[in-house]
Participant: 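One structure coming up, written as structure tokens, with questions to follow.
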Amino acid sequence: MADASVPSFKAADLVIELSSTPKNKQDEVTFGNNFTDHMLTVDWSASEGWQAPLIKPFGNLSLHPACSSLHYGIQLFEGLKAFRGDDNQLRLFRPMLNMSRMSNTAKRACLPAFDQSEFLECIRRLVEIDQDWVPHSDSGSLYIRPTFLGTEQSLGIKKPAHALLYVILCRVGSYFNSGAESLSLWADPKYTRAWKGGTGNYKMGGNYGCSLFAQYEAEDHGCQQVLWLYGEDHQITEAGTMNIFLHWINEDGEEELATPPLDGIILPGVTRQSILELTRKWGEFKVTERYLTMSQLCSALKQLRVKGVFGSGTACLICPIGHIVYQGENLHVPCQDKKSQLASRIAKELTDIKYGRTASDWTFLV
Ligand code: COI
């Protein structure tokens, strides 16, 4: 439902310029390189407001060298996917959650508001135009990357009076190409992904760019990703670019699926929320948003109370964690055999929804 109180562009005003040179559609090999034929752009200025949205051939942007997103990181992004079901219908998964998170991030970044439903309808039209790019396989999908930039042409640090909202699409396969069944994490409190009062709960590029240095140090320690810790008590917060879940027998002897609470340093992931809602609906074990520390995890590992640890995110869906390197020790995290593993069960239920095998109001038809 459009919200008339927010000054916004309208999907009904879309201008469409189709590409006359469609590209060959390569298979999805590496995540994030295989872009489709079209993109959506919408310009905004404080003096003229939103311009008509435009779908045009995919191509470079032209930006002023003083552009505020380049100098001060006044920018944000989102990530969601389109899936081709067995019935050939294209579906998005809970896209309004991305629209709402994007609006929250835009506010935090001092970028202008837009109508979420109008924007989603523009995205739907873009995906429809590039629909042949959505893979005919249930290991592939079309990754949708909405992006919002401050395009103020000034080195002054101020709220941008010019901004550019755009969306690009790319055909993707699996996010981690390692072929391994589980990930290894390096946990060291010397790096912090996010802090109270910061921007860790918003989807801003800076959160990811700043994580790279630690990511390469993780690789030097033989690990694939960083387990981000926080505070003196080494709270477990996120894994790489993913939310993290611990499935264990807790200190009170109860079976529990736990993930850190949304206290300002955790990204409110759409997959995270879906896992919480799904497993709460099952009602088979306790599902909690709570603080978890490395010392709690280490004790539970020693006492064989851990059933599994996994990361979740749009790009990877669910990724089991097999090892954690922490304070000089290589901790082995048990993964139950593949079929009974909770991570596999959740991944299957979510995949069945995304590909239309299970009817659900979590999907949005393209
Ligand atoms: C996601 O999985 O949701 C992500 O944001 C990963 C992306 C940075 C590639």
Side-chain angles (χ1 to χ4, degrees), residues 28-36 69 73 75-83 92-106 108-109 123 139-149 166-178 182-183 185 191 193-194 198-216 218-219 224-228 237-245 259-260 262 265-277 309-321 343 346-347 350-351 353-354 362:
E28 56 288 348
V29 187
T30 315
F31 179 90
N33 293 339
N34 196 358
F35 295 103
T36 67
S69 54
Q75 71 85 242
L76 61 96
F77 69 96
E78 266 302 324
L80 62 160
K81 284 176 171 172
F83 305 89
L92 309 185
F93 183 72
R94 311 190 80 180
M96 281 311 282
L97 294 181
N98 296 90
M99 296 298 103
S100 142
R101 186 172 62 188
M102 188 163 179
S103 294
N104 293 340
T105 309
R108 180 68 167 83
I123 292 175
S139 57
S141 56
L142 191 73
Y143 186 76
I144 304 169
R145 172 52 66 91
T147 314
F148 203 178
L149 307 180
Y166 68 92
V167 182
I168 51 178
L169 309 173
C170 62
R171 188 181 246 204
V172 296
S174 72
Y175 184 62
F176 296 113
N177 271 336
S178 68
S182 64
L183 279 185
L185 302 180
Y191 297 113
R193 189 198 80 92
T199 57
N201 53 336
Y202 298 101
K203 212 153 173 74
M204 293 178 175
N207 296 341
Y208 296 78
C210 289
S211 73
L212 260 192
F213 192 77
Q215 161 68 27
Y216 283 98
E219 291 178 23
Q224 289 151 301
Q225 297 286 319
V226 178
L227 175 56
W228 298 103
T237 63
E238 295 197 9
T241 62
M242 302 179 287
N243 292 120
I244 190 162
F245 284 82
T259 192
L262 300 180
I265 62 167
I266 303 293
L267 188 84
V270 174
T271 311
R272 175 190 179 281
Q273 181 175 331
S274 304
I275 293 170
L276 289 172
E277 290 175 17
V309 179
F310 59 88
S312 73
T314 297
C316 70
L317 182 55
I318 298 221
C319 191
I321 311 297
I346 296 171
L350 292 178
T351 304
I353 292 174
K354 292 173 177 184
W362 282 357

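Order of listing sets the numbers, starting from 1, for every ligand and every atom in it.
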Participant: Counting both backbone and side chain atoms, is some N or O of Phe77 under 3.5 Å from an N or O of ligand 1?
Facilitator: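 Such a contact does not occur with ligand 1.
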Participant: Find all atoms of ligand 1 within a distance of less than 4.0 Å from any non-hydrogen atom belonging to Phe31, and give their numbers and elements.
Facilitator: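 Heavy-atom distances to Phe31 below 4.0 Å select 9 (C).
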Participant: Under 4.0 Å between a side-chain nitrogen and a carboxylate oxygen: does that hold for Glu78 and Arg145?
Facilitator: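 Here Glu78 does not pair with Arg145 in a salt bridge, since their nearest N and O are not under 4.0 Å apart.
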Participant: Quick one: closest heavy-atom pair of Ala343 and Phe310, and the distance?
Facilitator: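 So the two residues come closest at CB-CD2, 3.9 Å.
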Participant: Can you give me the closest heavy-atom contact between Ser141 and Ala82, atom names plus distance?
Facilitator: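 For Ser141 and Ala82, the tightest heavy-atom pair comes out as CB-O, 3.4 Å.
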Participant: If you define the side chain from C-beta out and look only at heavy atoms, does anything of Leu183 sit under 4.5 Å from Met242?
Facilitator: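 A side-chain contact under 4.5 Å exists here.
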Participant: Under 3.5 Å, N or O to N or O, is Thr314 touching ligand 1 that way?
Facilitator: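 Between Thr314 and ligand 1 (N or O atoms, distance only) the closest approach is under 3.5 Å.
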Participant: Only heavy atoms count here, so choose which of Ala315, Gly79, Gly205 is nearest to atom 2 (O) of ligand 1.
Facilitator: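 Shortest heavy-atom distance from atom 2 (O) of ligand 1: Ala315.
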Participant: With heavy atoms of Thr241 as the reference, note each atom of ligand 1 found under 4.0 Å away.
Facilitator: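 In order of number, 6 (C).
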Participant: Is the closest N or O pair between Lys203 and ligand 1 shorter than 3.5 Å?
Facilitator: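 Min N/O separation from ligand 1 is below 3.5 Å for Lys203.
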Participant: Do the numbers put Lys81 on top of the ring of Tyr143, so that NZ or CZ is under 6.0 Å from the six-membered ring centre and no more than 45° off the axis?
Facilitator: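 Checked: cation-pi criterion not met.
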Participant: With heavy-atom distances below 4.0 Å as the criterion, list the atoms of ligand 1 near Gly313.
Facilitator: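 Taking each heavy atom of Gly313 in turn, ligand 1 has 2 (O) under 4.0 Å.
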Participant: Taking NZ, NE, NH1 and NH2 as the nitrogens, is one of them in Arg94 or Glu277 under 4.0 Å from a carboxylate oxygen of the other?
Facilitator: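 Salt bridge present between Arg94 and Glu277.
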